[in-house]
Amino acid sequence: MSGGIPHAEALAARRARMPAPARALALPVPELLDCFHPDHRPGAIVPLRVGASAGLPCRVELAALLQSDSLVEDVDIAGAPLLDADVLVIGGGGAGCVAALTAARAGARVILATKLRLGDSNTVMAEGGIQAAIGDEDSLQRHFEDTLRAGHFMADKALVAALASDGPGVIRWLIQEGMSFDLAEGSERMGGSLLRRKPGGATAARLLSYRDFTGLEMMRALREAVLLQPGITLLDRHPALELLTDDRGRCAGAALHDLAQGRTVLARAGATVLATGGAGRLHIAGFPTSNHYGATADGVVLAYRLGAALREVDSFQYHPTGIAWPPHMEGQLVSDPPAPPAPPWSTGWASASSMS
């Protein structure tokens, strides 16, 4: 094949950029985890007793919600107003907005229901940036390998591959939707090239950002796109109470609570997308959190009650860069500032991302 790289040369180049193998730690890891890790405390993890994932280990705080009874009875929804759509999207953060835009642009009639306001989500809490392999020295394979290594090779390889390969296209799409990114110094006259930094755990500079509020800028662009898109009916302050089923037990929409009118509304749809975020505001193990107030595991609980199987509900991130004092700032994220120029006596500079 003309223009190819000899196998031996390609193998040598790959080995040269791989990090050194991890050294074995002379530490009593199991004992340290038992003493200090929140998930190793007695009673922290319990098996689920009911549902499609019965027997799966789960954090006790989440298990209590997953195994609780519904708060909605038939009498509560009798005579409720009925809305119809092709697609119901529950959740008004970044994922929900993208789902609604994609469906509407494909010709579907969409209802986008949010618990709070459009954009009130964890998306706006993300500060550090977004990773995508767009540099000349970077590659999708390199991004894939870095991500697997950072997760101690526990991640689902198919999902990591999708994340890495979709990254460049997603950045291009966000720019087309109007999102701004920081530009490299001196590149403005040539149309601008994206500023890239090297995040923690990466072997290449692939962190793209907009100042120190990347998620807020992303949400600004997505929110404007949703508000301007025909075919999307927005229901602010309409938290989901329960998912609805048809006569075959398939999801057919949701019962929503109109906070302004104090009444239940039924949203019926051929397809329902759950984009309700995570569970940070359950304050697992009593920890403070930088999560948005809406992240209370609603969608996970509703899906489980309908029969959906769950995975990895024993795994939560305890982020090490949250403010502990003063008390009124507890849980807010400490974001890393951009790395300053290396001093002349330095041989290098390492910078880490604080994306949360």
Side-chain angles (χ1 to χ4, degrees), residues 47-56 58 62-93 95-116 118 121 159 226 229-279 294-313:
L48 289 173
R49 293 180 285 104
V50 297
S53 300
L56 197 69
C58 180
L62 181 57
L65 294 177
L66 293 173
Q67 297 169 156
S68 61
D69 293 330
S70 172
L71 299 178
V72 180
E73 303 290 346
D74 289 346
V75 66
D76 298 318
I77 61 176
L82 183 63
L83 304 175
D84 275 300
D86 299 313
V87 178
L88 168 64
V89 179
I90 303 176
C97 286
V98 172
L101 286 168
T102 302
R105 290 172 181 176
R109 295 173 301 125
V110 179
I111 292 176
L112 175 56
T114 75
K115 177 161 64 174
L116 303 171
L118 182 64
S121 65
L159 295 179
V226 165
Q229 177 64 45
I232 298 178
T233 299
L234 175 63
L235 300 179
D236 268 337
R237 298 181 178 89
H238 278 69
L241 302 177
E242 201 69 61
L243 297 178
L244 304 175
T245 57
D246 61 15
D247 54 2
R248 297 184 182 181
R250 300 173 301 186
C251 185
L256 311 173
H257 185 68
D258 183 344
L259 292 176
Q261 300 292 328
R263 63 178 183 176
T264 300
V265 176
L266 302 182
R268 187 169 57 186
T272 301
V273 179
L274 291 176
T276 55
T296 51
D298 299 23
V300 179
V301 174
L302 296 182
Y304 193 65
R305 204 190 321 278
L306 203 65
L310 305 178
R311 57 182 289 177
E312 298 163 7
V313 285

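One is the number of the first residue; the rest follow in order along the sequence.
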Which residues satisfy the salt bridge (Lys or Arg N to Asp or Glu O under 4.0 Å) test with R49, sequence neighbours excluded?
none

Using a 4.5 Å cut-off on heavy atoms from C-beta on, say whether the side chain of I77 contacts that of L241.
no

Counterpart residues, side chain to side chain contact (heavy atoms under 4.5 Å, CB included), relative to L71 (two or more places apart):
none

Considering all heavy atoms, the nearest L274-A303 contact
CD1-CB, 3.7 Å

Could you list all the salt bridge (charged side-chain N to carboxylate O under 4.0 Å, His left out) pairs where at least one residue sits in residues 235-244, not counting sequence neighbours?
E242-R305

Find out whether V313 and S53 are in side-chain contact, i.e. whether some heavy atom of one side chain is under 4.5 Å from a heavy atom of the other.
no

Is there side-chain contact between I90 and L243, with at least one heavy-atom pair below 4.5 Å?
yes

Looking only at heavy atoms, which two atoms of A113 and H238 are closest? And how far apart?
CB-O, 4.0 Å

What heavy-atom pair brings L66 and V301 nearest, and what distance separates the two atoms?
CD2-CA, 3.9 Å

Measuring from atom CG of L88 to atom OG1 of T272, what distance do you get when rounded to the nearest 0.5 angstrom?
4.5 Å

Can you sort out the partners of V226 under side chain to side chain contact (heavy atoms under 4.5 Å, CB included), two or more places apart, ordered by chain and number?
C97, L101, L112, L118, I232

Walk me through it: do L83 and L235 pass the test side chain to side chain contact (heavy atoms under 4.5 Å, CB included)?
CA-CA 11 Å; L83 304 175; L235 300 179; 3.8 Å; yes

Measure the spacing between CG of L56 and CG of L310 and express it to the nearest 0.5 Å.
7.5 Å

Shortest non-hydrogen pair, L244 vs A255, comes out as CG-N, 3.9 Å

Is there a side-chain contact between L302 and T276, using heavy atoms and a 4.5 Å cut-off?
no

For R250, enumerate each residue passing the side chain to side chain contact (heavy atoms under 4.5 Å, CB included) test, keeping only those at least two apart in sequence or located in another chain.
D246, R248

Interatomic distance, L62 atom CG to L48 atom CG [nearest 0.5 angstrom]:
7.5 Å

Partners meeting side chain to side chain contact (heavy atoms under 4.5 Å, CB included) with A95 (sequence neighbours left out):
A275

On a heavy-atom basis, the closest approach of T114 and G92 is CG2-CA, 3.6 Å

Might you point out which heavy atoms bring P47 and G55 nearest each other, and give the distance in Å?
CB-O, 4.1 Å

